[in-house]
Amino acid sequence: MTVLPTISFAKIAAPKKGTAVILAAKDGKLPPLASEIDPSGVLAKALEVAKFKGKAKAVVDVVAPAGAAVDRILVVGVGEGDSIKETDWASFGGIVRGKTASDQHVSVLMECDGVDVTPEAAAAFAQGFLLRAYDFNKYKTKKADDDDGKDKNVAQKTALMVDNVAASKKAWETAEAVARGMMLARDLVNEPANILGPVEFAARAEALSALGVEVDILTEKEMKKLGMGALLGVAQGSVRPPRLAVMKWNGGKPKDKPVAFIGKGVVFDTGGISIKPAGGMEDMKGDMGGAACVAGLMQALAARKAKVNAVGVVGLVENMPDGNAQRPGDIVTSMSGQTIEVINTDAEGRLVLCDALWYTQDRFKPKFMIDLATLTGAIIISLGHEHAGLFSNDDGLAADLTAAGKASGDTLWRMPVGAAYDKLIESPIADMKNVGPRWGGSITAAQFLQRYIENDTPWAHLDIAGMVWADKPGATWDKGATGFGVRLIDRYVRDNLEG
Ligand code: BES
Ligand code: MN
Ligand code: ZN
């Protein structure tokens, strides 16, 4: 498996070995220590030759600098000093890790002429660094090399040299918990469906009890008793039985109502009898991205001992065609009592979620509910891979989530819900059908879910279909699962529910 770097914090001093990383703002000077690291002054020449101006993300790489104790010096541009956001610091960290993956010792001088490098900035840098090091290579039987053919499976030691060591370490406790939660979400999404079925996912949720999360796993029999006909209808074509995993983190005041996070956990979505085309179907191993996010979030909240009462509920099923699979035209009765005409067995996520939402509301009476789901291809048509769709019955919740999205880098774009769309899922013979017309497909899906939100429980639905998987590397991830949503919801919780 991935050998993740060991990250530590130390006082600012000139590194004596390995790789030294120096930050420079736009048109800014190098920090005073630069001359100690590079006594013969080759750096100035290198920056001049490279026409380095401190532009954000620009990198100058000097190997074996004459007269220096270190083996390599990287100068990294951070751009305009007064407009650097936490998400930028995370990107810088990711870029530096990308360049130094095969280096044993990396020391980063977290000071910069004209820039206030706060403990939060240092923690964000470290978070980006760690996240970029994540690599899902457990099924590679040969060791992986980096682009230059160098072994990148080194146990790297990374030191961030900061102004305030204690405060930076404190900020890192939180940021690291979030990064590790994201990596759990990535692991779950990357894992193929033959390895990770509903039962196996439930076992991964159960493992969170080591961190103090209370975990309850409902079996098929228990769900039958509760009347979860919609969820069970999806599961009935699979030889692998469904599960509902309930994770509780009680870090808040004992009497405080919990907040609830609900995830779509379709471990594989073939479409069922309304089967999907073959091309790209392998991506549907990631159709549990919402559930993965909820599991990763619960891990992060527990690891950083968040002062909040939170429940995470994930509906775990496999959507398969089979002699016993549900058919288009079948009518199922959900736990709420409402009946659904299943027009298209590929619109299965809403069938899983409606029972998970109802169960959560009925059992926990939460303050609000946020569900996350790879629900529709239509949201990718609308928003591409830049924003997840946000649907909500509560303007305050929607605004706070949008702000948390901007601050964390997991961005959201609000989409409408309303009665006019709701009409589109009326069925002539049941309370509703599970699909509307082709247009507005993400909205009618949200509309379907809203029918399971009682009274005025504030609710938000995040359609993350375009966000859980990346076809090309970004600053803080390689190709593959992104862990979308964990840092978003963690940020929302921190900014709105704690302290
Ligand atoms: N899991 C899919 C949505 C999806 C598509 C996720 C692409 C990630 C990437 C979902 O279950 C689905 O199949 N939705 C259908 C709904 C349709 C039948 C109304 C879709 O989007 O085509
Ligand atoms: Mn589907
Ligand atoms: Zn699906």
Side-chain angles (χ1 to χ4, degrees), residues 185 188-190 193 196 198 201 230-231 233-238 242 262-293 314-322 325-330 340-356 371-389 391 415 421 424-425 427 432-449 461-471 480-482 484-485:
L188 291 166
V189 168
N190 281 324
L196 192 84
F201 191 120
L231 183 151
V234 177
Q236 81 190 28
S238 173
I262 298 94
K264 168 180 173 181
V266 177
V267 297
F268 196 82
D269 180 14
T270 64
I273 295 300
S274 315
I275 198 163
K276 287 181 181 294
M281 203 204 275
E282 67 279 8
D283 289 353
M284 286 300 119
K285 73 171 182 178
D287 208 18
M288 24 57 71
C293 170
V314 298
L316 302 164
V317 303
E318 181 174 46
N319 189 21
M320 294 290 261
D322 178 74
Q326 84 178 336
R327 292 149 290 256
D330 283 5
I340 305 155
E341 186 185 7
V342 179
I343 300 295
N344 188 322
T345 64
D346 196 12
E348 85 296 340
R350 62 201 78 180
L351 298 170
V352 173
L353 281 175
C354 73
D355 277 339
D371 75 73
L372 298 106
T374 49
L375 204 61
T376 67
I379 201 69
I380 312 178
I381 305 296
S382 305
L383 301 175
H385 301 285
E386 305 305 329
H387 293 87
F391 302 81
M415 304 279 288
Y421 296 104
L424 301 174
I425 52 169
S427 157
M432 69 199 82
K433 53 185 183 180
N434 76 330
V435 291
R438 223 167 73 80
W439 47 90
S442 309
I443 310 175
T444 46
Q447 221 48 73
F448 180 98
L449 298 178
H461 156 59
L462 309 185
D463 193 337
I464 63 174
M467 307 306 287
V468 301
W469 192 263
D471 287 329
T482 60
F484 184 91

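Residue indices begin at 1 and follow the sequence shown. Heavy atoms only: backbone and side chains are in, while hydrogens, waters and symmetry mates are out. For ligands, and for the atoms within them, numbers begin at 1 and follow the listed sequence.
- Looking only at side-chain heavy atoms (C-beta outward), Ile340 and Phe448 come within less than 4.5 Å of each other.
- The residue from Leu188, Leu372, Val189 that alone fulfils the side-chain contact (heavy atoms from CB on, under 4.5 Å) condition with Cys293 is Leu372.
- Legend: protein N/O/S atoms lying under 2.8 Å from the Mn ion (ligand 2), waters omitted, number 4.
- The two residues Ala235 and Val317 have their closest heavy-atom pair at CB-CG1, 3.9 Å.
- Nearest residue to atom 15 (C) of ligand 1 from Ile464, Asp346, Ile379 is Asp346 (criterion: closest heavy atom).
- Within the 3.5 Å criterion, the main-chain N or O of Ile273 finds a donor-acceptor partner in the side chain of Thr345.
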Chi angles and distances behind the side-chain contact (heavy atoms from CB on, under 4.5 Å) call for Asp346, Asp269: CA-CA 8 Å; Asp346 196 12; Asp269 180 14; 3.3 Å; yes
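- The side-chain heavy atoms of Asn319 and Met284, taken from C-beta on, include no pair separated by under 4.5 Å.
- Using a cutoff of 4.0 Å between basic side-chain nitrogens and carboxylate oxygens, Lys264 and Asp371 are not scored as salt-bridged.
- Short contacts between ligand 1 and Val435, defined as distances under 4.0 Å to a heavy atom of the residue, involve ligand atoms 19 (C).
- A side-chain contact (heavy atoms from CB on, under 4.5 Å) with Thr374 holds for exactly one of Asp283, Ile379, Ile380, Ile464; it is Ile464.
- To the nearest 0.5 Å, atom NE2 of residue His461 and atom CE of residue Met415 are 9.5 Å apart.
- The protein heavy-atom contact nearest to atom 18 (C) of ligand 1 is Asn344 ND2, 3.4 Å.
- With ligand atoms numbered from 1 in the order given, ligand 1 contributes 1 (N), 2 (C), 3 (C), 6 (C) to contacts under 4.0 Å with heavy atoms of Thr374.
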Applying side-chain contact (heavy atoms from CB on, under 4.5 Å), run through Asn344 and Lys433 and close with a yes or a no. CA-CA 9 Å; Asn344 188 322; Lys433 53 185 183 180; over 6 Å; no
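- Taking 2.8 Å as the limit, the number of protein N, O or S atoms around the Zn ion (ligand 3) is 4.
- Counting heavy atoms from C-beta outward, Thr270 and Lys276 have side chains that stay 4.5 Å or more apart.
- When only non-hydrogen protein atoms are considered, atom 16 (C) of ligand 1 lies nearest to Arg350 NH2, 3.9 Å.
- Looking only at side-chain heavy atoms (C-beta outward), Lys285 and Trp469 come within less than 4.5 Å of each other.
- At a threshold of 4.5 Å between non-hydrogen side-chain atoms, the residues Leu449 and Phe391 do not count as touching.
- Given atom 2 (C) of ligand 1, the protein heavy atom at minimum distance is Asp269 OD2, 3.6 Å.
- Looking from atom 7 (C) of ligand 1 to the surrounding protein, the closest heavy atom is Met284 CE, 3.6 Å.
- Protein heavy atom at the shortest distance from atom 22 (O) of ligand 1 is Gly377 N, 4.5 Å.
- Listed by atom number, the atoms of ligand 1 under 4.0 Å from Glu348 heavy atoms are 11 (O).
- Residue Leu375 places a heavy atom less than 4.0 Å from ligand 1.
- Taking CD1 of Ile343 as the start and CG of Asp330 as the end, the distance is 10.0 Å to the nearest 0.5 Å.
- Contact annotation: for Lys264 versus ligand 1, heavy atoms closer than 4.0 Å belong to the side chain alone.
- Counting protein heavy atoms under 4.0 angstrom from atom 11 (O) of ligand 1 gives one or more.
- Arg350 is listed as a side-chain neighbour of Val435, based on a closest heavy-atom distance under 4.5 Å.
- At a 4.0 Å cut-off, at least one heavy atom of Ile380 sits close enough to ligand 1 to count as contact.
- Remark: ligand 1 atoms within the under-4.0 Å shell around heavy atoms of Ala465 are 6 (C), 8 (C).
- Residue contact check: Thr376 has heavy atoms under 4.0 Å from atoms 3 (C), 21 (O) of ligand 1.
- Val266 places a side-chain heavy atom less than 4.5 Å from the side chain of Glu348.
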Take Asp463 and Leu383 through the test side-chain contact (heavy atoms from CB on, under 4.5 Å) and record every step on the way to the result. CA-CA 10 Å; Asp463 193 337; Leu383 301 175; over 6 Å; no
